[in-house]
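Note that the coordinates shown come from a computational prediction; the quantities given were computed from them, not determined experimentally. Just the heavy atoms: all of them, side chains too, but no hydrogens, waters or symmetry mates, feed the values below.
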Amino acid sequence: MTLYSVLVAEQPLPTIDCRGIEELTVKEMKLLYPAATDQVWYSLPDETLLVHAADESAFGQLHIFEWTDPPTDLADYHQKPYVYGIEGNWHAAFLNDLLVYMKKSIEPAHHAELIRYWVEDGAKLKKRTLSINTLELHHLEKLATEHAVRVVFTD
């Protein structure tokens, strides 16, 4: 099974990507890594686009994206029109970035909820209510340990 973390809302929310992943051409990669002549990409045409991350830790950083095709069982847990996937490892840097994002981007008028659930599990979610105005890091640290929860954000 897969654990999903999802934001749902009545109004659009901004997306964010803290991963530092970007598309670069082979020519740009050669400038960044001139000594990497032994790499497979080095022999590709200079115009070829590659996905680049400074290091593997980028894949654990916060990424909130508009989810146009979420798992079908997510509909069992909400009826809101806007759905955003949350990716990353729920470690200290991720949680700090998530806190900043939430404090800056979520307002009570959004009627936003954070849902964490196991796909195809069908488990009943524990419901929590948190004030977006008093949200603190320790709240998110606790959520990082919960896997069947719905958090409704209020004012």
Side-chain angles (χ1 to χ4, degrees), residues 1-25 28-29 31-33 36 39 41 49-155:
M1 288 191 294
T2 302
L3 174 65
Y4 285 117
S5 299
V6 182
L7 273 174
V8 295
E10 291 289 337
Q11 297 178 21
L13 297 172
T15 59
I16 186 171
D17 191 345
C18 298
R19 299 174 304 168
I21 298 172
E22 58 188 340
E23 282 189 347
L24 296 176
T25 63
E28 292 167 322
M29 291 286 286
L31 292 173
L32 276 177
Y33 305 103
Q39 297 296 314
W41 55 261
L49 284 175
L50 303 172
V51 176
H52 174 265
D55 60 51
E56 290 179 21
S57 70
F59 297 99
Q61 301 305 315
L62 177 65
H63 181 214
I64 298 177
F65 58 95
E66 190 170 359
W67 207 348
T68 56
D69 190 23
T72 55
D73 64 341
L74 178 60
D76 296 340
Y77 299 112
H78 81 96
Q79 300 298 316
K80 303 209 184 266
Y82 297 96
V83 178
Y84 300 88
I86 303 173
E87 291 180 336
N89 299 332
W90 286 61
H91 53 62
F94 173 97
L95 292 172
N96 282 319
D97 289 342
L98 182 59
L99 179 64
V100 169
Y101 169 87
M102 291 179 148
K103 297 289 252 175
K104 182 178 174 183
S105 304
I106 296 178
E107 299 174 10
H110 289 124
H111 301 283
E113 298 178 10
L114 173 68
I115 299 170
R116 287 177 50 88
Y117 77 104
W118 290 100
V119 71
E120 298 179 6
D121 182 35
K124 184 172 171 83
L125 302 180
K126 294 179 229 164
K127 185 175 179 184
R128 306 255 190 272
T129 302
L130 285 174
S131 167
I132 198 67
N133 298 321
T134 60
L135 183 65
E136 294 182 14
L137 188 58
H138 69 90
H139 295 117
L140 296 179
E141 290 169 341
K142 182 169 176 15
L143 284 174
T145 66
E146 297 188 66
H147 299 152
V149 64
R150 168 199 309 275
V151 179
V152 177
F153 295 105
T154 62
D155 55 358

Residue that, paired with W67, satisfies side chain to side chain contact (heavy atoms under 4.5 Å, CB included) out of V8, I86, V6, L7: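 The side chain to side chain contact (heavy atoms under 4.5 Å, CB included) with W67 is passed solely by V6 among V8, I86, V6, L7.
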For residues [X] and [Y], report the shortest heavy-atom separation together with the two atoms involved.
X: L74; Y: H78; answer: O-CD2, 3.3 Å
X: Y82; Y: Q11; answer: CD1-C, 3.5 Å
X: H139; Y: T134; answer: CE1-O, 3.6 Å
X: Y84; Y: E66; answer: CD2-CA, 3.6 Å
X: K103; Y: N133; answer: NZ-O, 3.0 Å
X: F94; Y: G88; answer: CE1-CA, 3.6 Å

Quick one, [X] and [Y] - any side-chain contact, counting heavy atoms below 4.5 Å?
X: W41; Y: H52; result: no
X: N96; Y: L62; result: no
X: P81; Y: E10; result: yes
X: I132; Y: D155; result: no
X: F153; Y: L114; result: yes
X: D73; Y: Y117; result: yes

Could you please spell out the steps behind the side chain to side chain contact (heavy atoms under 4.5 Å, CB included) verdict for L140 and M102? CA-CA 10 Å; L140 296 179; M102 291 179 148; 4.0 Å; yes
Using the side-chain hydrogen bond (donor to acceptor under 3.5 Å, both in side chains) criterion, which residues pair with S5? Sequence neighbours excluded.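 Testing S5 for side-chain hydrogen bond (donor to acceptor under 3.5 Å, both in side chains), a comparison that skips the adjacent residues, returns R116.
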Check the pair V151 / T129 against side chain to side chain contact (heavy atoms under 4.5 Å, CB included), numbers first and verdict last. CA-CA 6 Å; V151 179; T129 302; over 6 Å; no
Test side chain to side chain contact (heavy atoms under 4.5 Å, CB included) applied to R128 and E146, step by step: CA-CA 11 Å; R128 306 255 190 272; E146 297 188 66; 2.7 Å; yes
